[in-house]
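In what follows, a structure is listed as structure tokens, so that the remarks can point back to it.
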Amino acid sequence: MDPKEVSAFIIEGDNQGAEEWTKKALEDGMDPVTIINDGLIPGMDVVGEKFQTREFFMPEMLVAARAMKASMALVKPLLTESQSSSNLTAVCGTVQGDLHDIGVNLVGMMLEGAGFEVIHLGPDVTPDRFLEVVEENEAQVLCLSALLTTTIKNMKATIDKAVELEMRDQVKIYVGGAPVTDEFAAEIGADGYSADAGSAVKMIRDQLSSAAGI
Ligand code: B12
């Protein structure tokens, strides 16, 4: 089986096709990360390009997202089958005003796979809500996602709020999503940026273990 086949189901917005293909690929022993990186994400990239060139509109993006979620639901249990628990908690969500949550769900799923306890807050989360949940759960990690150039400012608003509440030293804050860059992350005072979920997990683990002196 070729992961490009599931990209086609995503582009067509065929959630049943995506689900059946994923089931079969997993039964055949395909690595879940290969399904995500070589099938689902490239499919979504094409959907984004078609939206930009006005070949696709909102309904097509929505059905593509639904197809991607159908596949991810099958992949998730395999990614999160972690043996080891790290006793670390991460709060993950998309900033206020932004409804894109597929990427941050992936980051959260991969962190669960790495042994983190993850609290998924979903999309459209206010700075106050993020910090309330961090405080309540004594989380060491906060992952902020944004996909819109108009909402990345709410990452800065969340970090500024953490400073205002004198919580900045208690929690590492990471940012990601298509419009985010390393420079932007440094400018707003984040602890790190990463372009994809796999390298995000590596960055977060490396930084936490060096902070703990391990
Ligand atoms: C699906 C989709 C939607 C769906 C979202 C469904 C959902 N539940 O998520 C719907 C239909 C709702 C939607 C709506 C809109 N969308 Co839209 N959408 C997309 C699309 C096609 C795919 C996004 C996606 O899921 N990608 C797959 C995931 C896996 O990738 P990802 O999110 O980038 O995440 C990865 C990394 O970035 C990183 N990462 C993500 N978060 C984090 C966090 C941390 C801490 C770290 C370290 C890493 C990290 O790891 C992830 C995994 O590797 C993109 C195009 C694209 N290629 O990005 C447009 C896109 C983001 N949308 C766009 C637009 C314009 C909109 C709308 C404004 C359209 C409209 N006219 O209403 C609305 C906005 C609604 C709102 N208020 O948010 C534009 C944004 C343009 C811009 N520069 O601002 C894009 C780029 C399309 C385009 N090419 O024009 N959209």
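Computed from heavy atoms alone, side chains included, the values below leave out hydrogens, waters and symmetry copies. Indexing begins at 1, ligand by ligand and atom by atom, following the structure's order.
The presence of a protein heavy atom under 4.0 Å from atom 7 (C) of ligand 1 is confirmed. Protein non-hydrogen atoms do not reach within 4.0 Å of atom 85 (C) of ligand 1. Distance screen at 4.0 Å: atom 48 (C) of ligand 1 has a protein heavy-atom neighbour inside the cut-off.
Of the protein's non-hydrogen atoms, S145 OG, 2.8 Å is the one closest to atom 41 (N) of ligand 1. Closest to atom 1 (C) of ligand 1, if we only count protein heavy atoms, is M44 CE, 3.8 Å. With respect to atom 58 (O) of ligand 1, the closest heavy atom belonging to the protein is L147 CD1, 3.9 Å. At the shortest separation from atom 17 (Co) of ligand 1 among protein heavy atoms lies H100 NE2, 2.3 Å. Scanning all protein heavy atoms for the shortest distance to atom 25 (O) of ligand 1 gives I102 CB, 3.4 Å.
Between K23 and D28, no side-chain nitrogen of the basic residue sits less than 4.0 Å from a carboxylate oxygen of the acidic one, so the salt-bridge criterion is not met.
The closest heavy-atom contact to atom 28 (C) of ligand 1, among the options A65, P59, G103, G177, comes from G103. Comparing G176, G108, A195 against atom 38 (C) of ligand 1, the shortest heavy-atom distance belongs to A195. Of the candidates Y193, F51, Y174, it is F51 that places a heavy atom closest to atom 87 (C) of ligand 1.
For ligand 1, the atoms closer than 4.0 angstrom to any heavy atom of L106 are 29 (C), 52 (C).
Residue contacts with ligand 1: K69 is included, with a non-hydrogen atom under 4.0 Å away.
Counting only N and O atoms by type, the side chains of Q207 and Y174 include a donor and acceptor under 3.5 Å apart.
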